[in-house]
There are 2 protein chains.
Amino acid sequence: MTSDPKRPLTLRDVSEASGVSEMTVSRVLRNKGDVSAATRQKVQDAAKRLGYVPNKIAGALASSRVNLVAVIIPSLGNMVFPEVLAGISEVLEDTDLQPVVGVTDYLPEKEEKVLFEMLSWRPSGVIIAGLEHSEASRAMLRQAGIPVVEIMDTDGEPIDTCVGISHRRAGRKMAEEIIAAGYQKIGFMGTKMPLDHRARKRFEGFTRTLAKAGIEIADQEFYSGGSALAKGREMTAKMISRSPDLDFLYYSNDMIGAGGLLYLLEQGVAIPDQIGIAAFNGVELLDGLPRQLATMDACRREIGVKAAQIIVARNLGLASEDATTVTLSPKLSPGETLRRG
Amino acid sequence: MTSDPKRPLTLRDVSEASGVSEMTVSRVLRNKGDVSAATRQKVQDAAKRLGYVPNKIAGALASSRVNLVAVIIPSLGNMVFPEVLAGISEVLEDTDLQPVVGVTDYLPEKEEKVLFEMLSWRPSGVIIAGLEHSEASRAMLRQAGIPVVEIMDTDGEPIDTCVGISHRRAGRKMAEEIIAAGYQKIGFMGTKMPLDHRARKRFEGFTRTLAKAGIEIADQEFYSGGSALAKGREMTAKMISRSPDLDFLYYSNDMIGAGGLLYLLEQGVAIPDQIGIAAFNGVELLDGLPRQLATMDACRREIGVKAAQIIVARNLGLASEDATTVTLSPKLSPGETLRRG
DNA sequence: GTGAAAGCGCTAACAT
DNA sequence: ATGTTAGCGCTTTCAC
């Protein structure tokens with residue numbers, strides 16, 4: 001009988017079971033300091049036999065070192081964020097740091113709460129989506145005394161460091177491409193999300209560039225909730241019947257763009273000659289659609305990788321005061337729906 | 001100047017700033033015990049002014065209470081898991097418990113590692129996908145002395161508690177439906193994932209039921225990696241040209257099913273008369289496809305909700321020894337691709 | 001209603 | 001190469 005199965009084992013249990021001091025047991029379990037092979041073996045055997053799982057809480061308190069990196073994102077349902085996470089994990093896997101994810105649902109109050117909660121575990125760094133945060137959140141991040149990387153967006157002033165793309169510029173580039181292709185009557189569809197700042201900035205960059213060319217958005221439609229694919233379909237149907245003279249549709253994300261594409265193809269619309277379409281993100285899903293949708297890669301994985309690298313470097317005491325904003329360049333893929341034959 | 005900005009604030013700082021003992025400050029910050037309104041106010045002001053963030057590490061060590069629930073899943077890219085997570089979050093949001101997610105990539109060794117890592121933070125419970133774990137993982141879970149809920153699958157013996165659906169039964173039901181609809185030459189497409197036990201069990205239930213009706217899978221194809229939609233398309237093209245006499249295609253997930261559907265429609269195949277198709281999961285995406293794909297709901301959100309409820313109840317010291325396995329019933333939606341006109 | 005003392009299970013720093 | 005001594009920042013427990 002291994003005594004009370006209710007009480008988790010402690011270093012002391014391993015120490016007694018192996019006849020080695022707690023301190024040496026600790027050293028073996030962390031591969032720290034010199035320990036003779038014989039002692040090491042004894043300790044490892046005992047630990048394994050007992051099924052000892054170290055208590056990181058006590059360890060972290062004693063060493064004031066916590067190998068956690070807080071990653072705060074708006075949503076997991078968006079596919080964009082799991083991909084950023086994949087980039088982060090890939091980098092952290094080779095270190096002793098570990099990502100811990102918090103989700104805000106695009107709500108500033110929830111962001112504040114999640115951030116507070118995570119900071120109270122004293123992580124080694126924070127990676128947080130966006131540049132827009134409540135004043136309280138900004139204060140917490142500044143006070144924390146740990147590296148902070150704001151990701152996805154570079155249109156604004158970072159608290160510390162920032163890695164992403166310029167969404168205004170992304171909107172602008174897409175607008176330029178559409179104008180260059182000769183389209184004139186342009187409709188826009190997107191999320192009804194006042195709190196999705198990146199979608200808003202893309203829209204701004206887009207409309208401003210059109211305006212400079214003397215073009216105004218001819219029609220627009222916003223949605224919220226539900227299946228994005230279905231919404232893309234519905235909105236497109238509605239817009240096409242309402243404004244039959246449109247020659248281009250710009251969607252704020254690939255999912256609704258795909259819905260629109262499927263709908264238009266079913267209706268026998270000639271793409272891209274009669275109507276051109278484009279979206280945003282470059283999600284993998286698009287590879288399987290009947291036509292390659294014009295879109296713009298948001299560099300999701302790359303953003304995750306770069307952000308994680310910055311945290312890692314800072315934790316090694318490296319580079320701090322240089323380049324506080326890393327701007328990546330999204331690639332525009334015209335696919336088969338943007339340039340007229 | 002708020003002194004050294006490098007050192008995080010402690011209770012003591014708040015104590016000094018407010019002229020109240022550390023103990024009382026602690027009580028105020030946790031709403032524990034009686035504190036006069038005046039004192040409470042003083043403390044809250046000081047804490048806010050300083051920007052104090054409590055140190056949960058110290059708190060957890062002192063109280064041996066950690067409000068974390070470890071959630072261990074194979075992947076975030078699958079969409080299935082974010083939905084389970086949503087169910088879990090929904091329930092935990094009303095409690096003081098918090099989910100912490102770990103990802104295993106379907107690898108038992110990684111599961112073991114992630115589990116060890118998470119248990120070392122002494123969480124209040126574990127929710128883990130699947131019933132298949134390494135012996136070491138099972139031992140850890142048993143030893144942990146905390147509630148453990150294995151989710152998604154009920155075909156096996158849980159360590160503690162288990163919530164999910166029977167994937168064997170799901171495969172069987174789909175087979176029965178297909179047979180009842182009169183299809184005879186059936187092809188199967190799925191992931192090349194020896195470690196996805198649930199997909200395997202569905203396949204087993206499916207083939208066994210066909211076998212009982214004297215039907216054997218006429219053709220099959222497996223894939224790995226890449227865009228599932230594109231893979232569904234490719235595999236379907238290959239299979240149709242290889243086995244032109246097939247009258248039904250069963251896909252192990254909705255994404256490849258959707259790819260197959262799009263391909264067949266483009267080829268002018270009459271669905272479901274010439275060829276019927278069905279998949280698995282009931283993902284929201286399907287709502288936007290040209291045809292409503294036959295599928296089976298995996299009760300993802302519901303599983304998350306139920307699992308979280310069990311953890312919460314156990315943490316309140318409630319119900320423990322009753323029903324250790326909760327089996328939910330997936331609904332089959334025939335959509336427009338299964339029953340012949 | 002408030003405070004003082006004693007740890008929680010580890011690790012840093014210093015012996016030996 | 002190994003052991004000893006002090007805490008880490010909180011909460012528990014018990015006094016007042």
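Labels below follow one simple rule: chain letters A, B, ... track the order of the sequence lines, proteins then strands, and each chain is numbered from 1. Values reported hereafter were calculated over all heavy atoms of this structure, with side chains retained and with hydrogens, waters and symmetry mates removed.
- One interatomic measurement links the two molecules: CD1 of I57(A) to P of dC10(C), which rounds to 10 Å at whole-angstrom precision.
- Toward the 5′ end of DNA chain C lies the nearest nucleotide of S64(B), the other residue of the pair S64(B) and R27(A) mapping further downstream.
- Between R122(A) and dG9(D), a side-chain N or O to OP1/OP2 separation shorter than 4.0 Å is absent.
- Using a 4.0 Å cut-off, no side-chain N or O of S21(A) falls inside it from OP1 or OP2 of dT2(D).
- The shortest side-chain heavy-atom distance between L119(B) and V126(B) falls under the 4.5 Å cut-off.
- Around CD of E135(B), the count of heavy atoms belonging to other residues, nucleotides or ligands within 6.0 Å exceeds 12.
- When the nucleotides dC10(C), dC10(D), dT2(C) are ranked by their closest atom to the side chain of T10(B), dC10(D) comes out on top.
- What separates CG of L29(B) from P of dT11(D) is a distance of 8 Å, to the nearest Å.
- One atom, CG of L9(B), and another, P of dC8(D), lie 16 Å apart when rounded to the nearest Å.
- Within a 6.0 Å radius of CZ in R12(A), no more than 12 heavy atoms belonging to other residues, nucleotides or ligands are found.
- Taking every side-chain heavy atom of T39(B) into account, dT2(C) is the closest of dT2(D), dC8(D), dT2(C).
- At dT12(D), one or more side-chain N or O atoms of R30(B) fall inside 4.0 Å of OP1 or OP2 (strictly under the cut-off).
- Checking the phosphate oxygens (OP1, OP2) of dA1(D), no side-chain nitrogen or oxygen of S36(A) falls inside 4.0 Å.
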Under the criterion salt bridge (charged side-chain N to carboxylate O under 4.0 Å, His left out), I'd like the reasoning laid out for R314(B) against D160(B): C-alpha separation, chi angles, the key distance, then a yes or no. CA-CA 12 Å; R314(B) 289 273 214 99; D160(B) 177 357; 2.5 Å; yes
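- Here the P atom of nucleotide dG3(D) and the NZ atom of K42(A) are 8 Å apart, to the nearest Å.
- For the pair S63(B) and dT11(D), the criterion of a side-chain N or O lying under 4.0 Å from OP1 or OP2 is not met.
- Look at CG on N31(A): it is 15 Å from C1' on dT11(C), rounded to the nearest Å.
- The side-chain heavy atoms of Q44(B) and K48(B), taken from C-beta on, include no pair separated by under 4.5 Å.
- Between R65(B) and dT12(D), a side-chain N or O to OP1/OP2 separation shorter than 4.0 Å is present.
- Straight-line distance from the CE atom of M23(B) to the P atom of dA6(C): 16 Å, rounded to whole Å.
- Between Y52(A) and dC10(C), a side-chain N or O to OP1/OP2 separation shorter than 4.0 Å is present.
- Looking at heavy-atom distances under 4.0 Å, N55(A) makes contact with sugar-phosphate atoms alone, never a base.
- Protein atom CG of L11(B) is 12 Å distant from nucleotide atom P of dT12(D), rounded to whole Å.
- For the OP1/OP2 pair of dT11(C) and a distance below 4.0 Å, the side-chain nitrogens and oxygens of S26(A) include at least one atom meeting the criterion.
- Rounded to whole Å, the distance from CD on E22(B) to P on dG1(C) is 21 Å.
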